[in-house]
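Throughout, a chain's letter reflects where its sequence line sits, starting with A, and its residues are numbered from 1. The structure displayed is predicted, hence computed values, not measured ones.
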There are 2 protein chains.
Amino acid sequence: MSQPPPLRVRFDDPDCADGAVQPFRVGDKWTGVVLRCLEDGAARRFGELRAALPRVTPKVLTETLRSMERSGFLTRTAYEENPPRVEYALTALGRSLLGPLDTACAWARAHGAEIGDARAAHADDRPVA
Amino acid sequence: MSQPPPLRVRFDDPDCADGAVQPFRVGDKWTGVVLRCLEDGAARRFGELRAALPRVTPKVLTETLRSMERSGFLTRTAYEENPPRVEYALTALGRSLLGPLDTACAWARAHGAEIGDARAAHADDRPVA
DNA sequence: CGGAATCCACTGCGATACTG
DNA sequence: CAGTATCGCAGTGGATTCCG
């Protein structure tokens with residue numbers, strides 16, 4: 001496991017109705033991994049992303065990419081050729097997410113075992129009362 | 001809006017089957033806000049948390065607290081009195097989450113408007129093809 | 001006071017199959 | 001190649017009601 005685990009991070013604000021901010025949510029299940037696939041700044045084709053993420057079905061990958069595009073995290077460029085070619089690349093906004101993502105991944109790597117232990121310890125808790 | 005928006009952050013690893021790591025997931029909808037309520041290290045009673053989080057129903061608050069307890073983020077202390085009293089307080093592990101949470105919140109505050117703009121701009125996109 | 005029990009709606013997301 | 005169309009389930013989390 002030399003690769004850092006492909007950790008997922010979500011940023012959402014479910015609570016904005018209390019404040020004045022717009023509902024705000026970023027990060028579906030595969031957003032983080034897609035971000036990592038594109039982190040070097042190079043454009044990648046749909047098929048390359050599929051190959052890199054074999055466990056993501058094309059439907060879900062498309063949904064993820066479209067959602068990230070709508071939020072301004074990446075650009076989608078379709079070349080009108082045959083066979084078709086579509087390329088995805090991070091925007092500056094998308095790249096700005098890599099920092100927080102790394103922070104979260106570092107935390108998870110540092111404390112993941114501890115959490116696992118805690119959960120294991122509580123596994124044989126009888127409902128106390 | 002002097003208060004920072006109570007941002008939610010999730011850390012999950014949906015992709016662990018690829019690697020050698022245990023499935024790992026942290027952060028349901030209200031975990032972040034509960035963490036913030038307890039960030040000063042003081043213990044708080046169930047009712048205090050309820051009052052601070054009026055939009056969370058008691059059922060969901062209980063679920064959140066139990067889940068955080070199982071993961072080792074906080075301790076639950078029940079005093080056998082009448083009327084009953086139960087106090088929740090962060091553990092060191094729970095406190096260690098505050099850093100990444102702050103990082104994420106800072107990012108969200110810095111770029112939230114940008115995301116909103118991008119989404120608004122894409123709102124009147126006709127499905128291109 | 002601090003929950004538990006029950007019911008239910010939504011939607012994320014996976015499987016499968018088909019297409020310009 | 002780069003998707004779309006359909007289906008369906010399981011998990012989240014909200015509303016409501018009741019309990020020791």
Using modelled atom types and a 3.5 Å cut-off, is there a donor and acceptor pairing between side-chain atoms of [X] and backbone atoms of [Y]?
X      : Y      : value
S67(B) : E63(B) : no
T31(A) : D28(A) : yes
T91(B) : G72(B) : yes

Rounded distance (Å) that lies between atom [atom2] of [N] and atom [atom1] of [X]:
X      : N       : atom1 : atom2 : value
E87(B) : dG2(C)  : CD    : P     : 9 Å
E69(B) : dG2(C)  : CD    : C1'   : 14 Å
L61(B) : dA5(C)  : CG    : P     : 17 Å
R85(A) : dG20(C) : CZ    : C1'   : 18 Å
R44(B) : dG2(C)  : CZ    : P     : 14 Å

Inset, instruction - For dA2(D), take OP1 and OP2 only and decide whether either is under 4.0 Å from a side-chain N or O of R45(A). - result: yes

Legend entry - Protein-to-nucleotide contact annotation, 5' to 3' order, nucleotides 3-16 of chain D [B base; S sugar-phosphate only; - none; under 4.0 Å, heavy atom]: SSBBB----SBBB-

Inset, instruction - Rounding to 10 degrees, work out the angle separating the end axes of the helix from dC1(C)-dG20(D) to dG20(C)-dC1(D) (five pairs an end). - result: 50°

Side chain to side chain donor-acceptor pair (under 3.5 Å) partners of [X], counting only residues at least two apart:
X      : answer
E48(B) : none
S96(A) : W107(B)
E81(B) : R85(B)
D40(B) : R44(B)

Legend entry - Heavy atoms of other groups near R76(B) CZ, more than 12 under 6.0 Å: yes

